[in-house]
Participant: 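Before anything else, here's the structure in question.
Just so it is clear, the values below take in all heavy atoms, side chains as well, and ignore hydrogens, waters and symmetry mates. Order of listing sets the numbers, starting from 1, for every ligand and every atom in it. Along the sequence shown, residues carry numbers from 1.
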Amino acid sequence: MGDSSPGHFVVAVDGPSGSGKSSASRGAARALGLRYLDTGAMYRALTWWLMDAPADTADEALVASLAAKPVIEVGTDPDDPWTRVNGTDVSRDIRTREVSAQVSAVARIPAVRRHLIEQQRAIIAAAVGGIVAEGRDIGTVVAPDAPLKVFLTAASGARAQRRAAEQGAAVDVTEADQARRDRLDAAQSAKAADAVLIDATDLTLAEVIDEIVGLAGERRPLASAGDKSS
Ligand code: DC
C-alpha cells in the first residue's frame, strides 16, 4: 500500500467530530513537515455536489450511481487545505449546517466509501515525505499499515462547546446534532487496536499537538530504518 515504505511516514488520526482532530492534525503535520489530508472534506464535497445538483441524498441507489461523477480534489498543504469540486473551490460551502446534516447519510453508502477510499489511498501514497491523514477509518481501513495511529476523543460536552464556538451556534443544539451524527457515523468509525488513545477533554490544542509530535518522534526513526535518503 506504500504507507510503510522507508521515508514515507503516515500518521492516522481518527475520532469523532468536535474532538479537535482537524486542528490537531494540521498542527502536527506542520510541526513534522508532513502533508495533511482531511478525508471528511471529501465526503462533504460529494454531499455538497449532490445537494447542489440537486440529487436526493437519501436515495442510496442514486447516490451510489453518482459517487464517481464529480471531480473532487483536496489540497494537502496543512497551511491551506482547500477542497474543490469540478474545479470550483468549495472549502467554505462544505462546512454549512445543511451539509453537516446530510453528510453522514452519504458517507455510510458502501459505493461512496469504496470510491473515496481509493482516492484517499492514492493521495496518501503520493505525499512526498509522508502525511497526517484524519478521518474515522484511517487507522482501520484507509491506511492500516500506518506506523502511528492516534484516536482522539473528548467528552461530549467539551466537543459540543468546541463546535458551537467555531460555528457561533448554541451549545445545546450543537450537542443534539452531534449525538445524532455520532450515531450515524458509528458504523464507519473505529479505534484501531494499535491506536494510541488521546483524550483531549482537559488538554489544550498545543498539548494535543505536542503529544502527537512526541509519538511521531518515537515511531518515525523505526519507520524510516534503512532509508538512505534521511
Ligand atoms: O470529520 P467531518 O465532520 O468533516 O466528517 C464529515 C462526515 O464524513 C462525517 O459524517 C463522518 C464522515 N467521515 C467518514 O465516514 N469517514 C472518514 N474517513 C471521514 C469522515
Participant: Working to the nearest 0.5 angstrom, can you tell me the gap between Ile72 CD1 and Leu116 CG?
Facilitator: 5.5 Å
Participant: May I ask you to decide whether Arg108 forms a salt bridge with Asp137, counting only side-chain N to carboxylate O separations under 4.0 Å?
Facilitator: no
Participant: Using a strict cut-off of 4.0 Å, indicate which atoms of ligand 1 neighbour a heavy atom of Thr39.
Facilitator: 17 (C), 18 (N), 19 (C)
Participant: Kindly determine whether Arg26 and Asp79 satisfy salt bridge (charged side-chain N to carboxylate O under 4.0 Å, His left out), including the steps that lead there.
Facilitator: CA-CA 7 Å; Arg26 286 175 67 178; Asp79 289 319; 5.7 Å; no
Participant: Would you mind checking if Asp93 and Arg44 are paired as a salt bridge, meaning a charged N to carboxylate O distance below 4.0 Å?
Facilitator: no
Participant: Any atoms of ligand 1 less than 4.0 Å from a non-hydrogen atom of Lys21? List them with their elements.
Facilitator: 1 (O)
Participant: Among all the protein's non-hydrogen atoms, which is closest to atom 18 (N) of ligand 1, and how far away is it?
Facilitator: Asp137 OD1, 2.8 Å
Participant: Can you sort out which atoms of ligand 1 are near Ser104, meaning under 4.0 Å from one of its heavy atoms?
Facilitator: 10 (O)
Participant: Among protein heavy atoms, which lies nearest atom 20 (C) of ligand 1, and at what distance?
Facilitator: Gly40 CA, 3.6 Å
Participant: Hey, mind stepping through Arg95 and Asp38 against salt bridge (charged side-chain N to carboxylate O under 4.0 Å, His left out) and telling me if it holds?
Facilitator: CA-CA 13 Å; Arg95 305 286 163 195; Asp38 175 1; 3.0 Å; yes
Participant: Determine yes or no for a side-chain-to-main-chain donor-acceptor pair under 3.5 angstrom, with Asn86 supplying the side chain and Pro70 the backbone.
Facilitator: no
Participant: Return the option from Arg44, Gln178, Arg163 holding the heavy atom at the smallest distance from atom 2 (P) of ligand 1.
Facilitator: Arg44
Participant: Name the closest protein heavy atom to atom 8 (O) of ligand 1, giving the residue it belongs to and the distance to 0.1 Å.
Facilitator: Tyr43 CB, 3.6 Å
Participant: Which atoms of ligand 1 are found less than 4.0 Å from any heavy atom of Asp185?
Facilitator: 9 (C), 10 (O), 11 (C)
Participant: Is there a donor-acceptor contact under 3.5 Å from the side chain of Lys21 to the main chain of Ser25?
Facilitator: no
Participant: Give the residue, atom name and distance (to 0.1 Å) of the protein heavy atom nearest atom 3 (O) of ligand 1.
Facilitator: Arg181 NH2, 2.8 Å
Participant: Less than 4.0 angstrom from a charged side-chain N to a carboxylate O is my criterion; do Asp14 and Arg136 meet it?
Facilitator: no
Participant: Are any of the N or O atoms of Arg136 closer than 3.5 Å to those of ligand 1?
Facilitator: yes
Participant: Any idea which of Ser17, Ala107, Ser100 brings a heavy atom closest to atom 12 (C) of ligand 1?
Facilitator: Ala107
Participant: By number and element, which atoms of ligand 1 are closer than 4.0 Å to a non-hydrogen atom of Arg113?
Facilitator: 14 (C), 15 (O), 16 (N)
